[in-house]
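Side chains included, hydrogens not; waters and symmetry mates left out as well; all remaining heavy atoms used.
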Amino acid sequence: MADNNNNNKNSNNNKMSYEEAGRKGGEKTAQNHDKEFYQEIGEKGGQATKENHDKEFYQEIGEKGGKANRDNNKNNN
């Protein structure tokens, strides 16, 4: 499997994939920041979402989440 990854990198002129770059960036961010950092950016994101969407948006995503949860529970029983 490692050979396959090396072949993919070499065929792309040694460029890493978006997936690998994202993973590496996430790992580096996690090393440099604590729990409070993630709580703060989550709160900011939630506030921005609230300001940009209406009641119907939350009803729709709530229905989708509820359906996915229900379907998942059916499959696990």
Asks: To the closest 0.5 Å, what do you measure between CD (Gln47) and CG (Asn52)?
Replies: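 Here the interatomic distance stands at 10.0 Å.
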Asks: With heavy-atom distances below 4.5 Å as the criterion, would you say the side chains of Glu40 and Lys44 are in contact?
Replies: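 Glu40 vs Lys44: side chains touch.
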Asks: Counting distance only, does the side-chain N/O of Tyr58 pair as donor-acceptor with the main-chain N or O of Lys50 below 3.5 Å?
Replies: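 Yes.
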Asks: Quick one: does Thr29's side chain get under 4.5 Å of Phe37's, heavy atoms only?
Replies: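 Of all side-chain heavy-atom pairs linking Phe37 with Thr29, at least one is under 4.5 Å.
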Asks: Roughly how far, to the nearest 0.5 Å, is the CD atom of Glu63 from the CZ atom of Arg70?
Replies: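 Taking CZ in Arg70 and CD in Glu63, the distance rounds to 10.0 Å.
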Asks: Are the side chain of Asp71 and the backbone of Lys74 linked by a donor-acceptor contact shorter than 3.5 Å?
Replies: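 No, because the side chain of Asp71 does not come within donor-acceptor range (under 3.5 Å) of the backbone of Lys74.
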Asks: Has the side chain of Asn69 got a donor or acceptor atom that lies under 3.5 Å from a matching backbone atom of Asn72?
Replies: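 No, Asn69 side chain to Asn72 backbone: no donor-acceptor pair under 3.5 Å.
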Asks: Are the charged groups of Glu19 and Arg23 less than 4.0 angstrom apart, N to O?
Replies: no
